[in-house]
Amino acid sequence: MPGLSFVFVGRMKEPHFEAAFAEYMKRLGGYAKCELREIAEQRLGEKPSEREIAAALEREAREIERAIPRGAYLCAMCVEGEQRSSEELAKLFRELDSRGVGRICFLVGGSYGLDAALKKRADLRLSMSKMTFPHHLARVMLAEQAYRAFTINAGKRYHK
């Protein structure tokens, strides 16, 4: 199965999210080589303009580009992406494995999301829900769903 890279904008500060993410990273280690790369979130004022936000996202995108492993299948997490079930994500992992893809790289933006050019470059734009979640919780949810996909493919009872 392909290895996983998680590229996140911002650092987790809440111990409960850190612990939950660490637990899923540990579990994922039984199925794939996983790595985490965190990119500093650009600081903006209280009420940034659209232009300031766009410039910050562009600066973050340059750092994200450097963190993406060469040849990885790129999945940008964004609200306008398509929604997939856990079973469909597991199927994607199997298909990528059969095509010889060695690494899947998930991108999770900061408070203002991801730069449009990154989303356009992605092989898949994926959304967890139409609802809005804190991006630190989204990290935990993404790691859990990746773990669930591996357990589905392994025929384990985790996914009921």
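If you're wondering where the values come from, they're calculated on a predicted model, not measured in any experiment. Note that these values count all heavy atoms, side chains included, but never hydrogens, waters or copies made by symmetry.
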Using a strict 4.0 Å threshold on nitrogen-to-oxygen distance, state whether Glu63 and Arg59 make a salt bridge. no

Euclidean distance, Asn153 CG relative to Arg148 CZ, rounded to 0.5 Å: 13.0 Å

When you measure from the side chain of Glu41 to the backbone N and O of Ser111, does any donor-acceptor pair fall under 3.5 Å? yes

Between Gly110 and Val9 the two heavy atoms that sit nearest each other are N-CB, 3.5 Å

On a heavy-atom basis, the closest approach of Val140 and Ala20 is CG1-CB, 3.7 Å

Nearest heavy-atom contact between Ala32 and Gly3 is CB-CA, 4.1 Å

Hey, what do you get for CG (Leu28) to SG (Cys34), rounding to the nearest 0.5 Å? 4.5 Å

Is there side-chain contact between Ser98 and Leu96, with at least one heavy-atom pair below 4.5 Å? no

Student check: side-chain heavy atoms of Ile104 and Leu92 closer than 4.5 Å: no

Below 4.0 angstrom, N of the basic side chain to O of the carboxylate: do Lys91 and Glu88 qualify? no

How about Glu80: does its CD atom have over 12 heavy atoms from other parts shown lying under 6.0 Å from it? yes

pair Asp97-Val101: side-chain heavy atoms closer than 4.5 Å: no

State plainly whether one hydrophobic cluster holds both Val7 and Met128, where clusters connect Ile, Leu, Val, Met, Phe, Trp and Tyr through side-chain heavy atoms under 4.5 angstrom apart. no

Which atoms form the tightest heavy-atom contact between Ile152 and Ala90, and what is the distance? CG2-CB, 3.7 Å

Quick one, Tyr112 with Leu44, criterion side chain to side chain contact (heavy atoms under 4.5 Å, CB included). Give me CA distance, side-chain angles, the key distance, then yes/no. CA-CA 10 Å; Tyr112 293 98; Leu44 292 169; 3.6 Å; yes

Quick one: does any side-chain atom of Arg103 pair with a main-chain N or O of Leu4 as donor and acceptor, under 3.5 Å? yes

Within the side chain of Asp115, is there an N or O that forms a donor-acceptor pair under 3.5 Å with the backbone of Ala61? no

Determine whether Cys75 and Asp123 make a side-chain contact, defined as any pair of heavy atoms from C-beta on separated by less than 4.5 Å. no

Grouping I, L, V, M, F, W and Y whenever their side-chain heavy atoms are under 4.5 Å apart, do Leu89 and Leu142 come out in a common cluster? yes

For residues Ser129 and Ser127, report the shortest heavy-atom separation together with the two atoms involved. O-OG, 3.0 Å

Report yes or no: do Tyr73 and Ile68 belong to one cluster of Ile/Leu/Val/Met/Phe/Trp/Tyr joined by side chain heavy-atom distances under 4.5 Å? no

Stepwise salt bridge (charged side-chain N to carboxylate O under 4.0 Å, His left out) test for Arg84 and Glu82: CA-CA 7 Å; Arg84 292 194 177 193; Glu82 66 181 78; 2.8 Å; yes

Side chain of Glu60, backbone of Gln42: donor and acceptor closer than 3.5 Å? yes

Looking only at atom types and distance, does a side-chain atom of Arg37 sit under 3.5 Å from a main-chain N or O of Ala67, one as donor and one as acceptor? yes

Just checking, any donor-acceptor pair under 3.5 angstrom between side chains of Glu144 and Tyr158? yes

Should Val79 and Leu57 be regarded as members of a common hydrophobic cluster, given that ILVMFWY residues are connected when their side-chain heavy atoms come within less than 4.5 Å of each other, either directly or indirectly? no

Check the pair Leu118, Leu107 against side chain to side chain contact (heavy atoms under 4.5 Å, CB included), reporting the backbone distance first and the verdict last. CA-CA 9 Å; Leu118 273 177; Leu107 305 180; 4.3 Å; yes

So Glu58 and Arg62, salt bridge (charged side-chain N to carboxylate O under 4.0 Å, His left out) or not? Walk me through it. CA-CA 6 Å; Glu58 191 175 307; Arg62 286 194 295 271; 3.6 Å; yes

Using a strict threshold of under 4.0 Å (side-chain N to carboxylate O), is an ion pair present between Glu23 and Lys26? yes

Considering residues at least two apart in sequence or located in another chain, which fulfil the ring-ring contact (aromatic ring centres under 6.0 Å, His included) criterion with Phe150? Tyr31, Phe93

Are Ile39 and Met25 grouped together when hydrophobic residues (ILVMFWY) are joined by side-chain heavy atoms under 4.5 angstrom apart? no

To the nearest 0.5 Å, tell me how far Cys78 SG sits from Arg125 CZ. 6.5 Å

With a 4.5 Å limit on heavy-atom distance, are the side chains of Leu114 and Ile64 in contact? yes

Quick test of your reading of the model: are Glu38 and Arg139 salt-bridged, counting only N-O distances below 4.0 Å? yes

Give the intermediate values and the outcome of salt bridge (charged side-chain N to carboxylate O under 4.0 Å, His left out) for residues Arg121 and Glu65. CA-CA 10 Å; Arg121 175 182 168 215; Glu65 286 285 352; 2.5 Å; yes

Qualifying residues under ring-ring contact (aromatic ring centres under 6.0 Å, His included), relative to Phe6, sequence neighbours excluded: Phe8, Phe21, Phe106

Measure from the side-chain N and O atoms of His136 to the backbone N and O of Arg11, and report whether any donor-acceptor pair falls under 3.5 Å. yes

Phe17: ring-ring contact (aromatic ring centres under 6.0 Å, His included) partners, not counting sequence neighbours: none

Starting from the C-alpha separation in whole Å, work towards a yes-or-no answer on side chain to side chain contact (heavy atoms under 4.5 Å, CB included) for His135 and Met77. CA-CA 10 Å; His135 59 280; Met77 303 302 297; over 6 Å; no

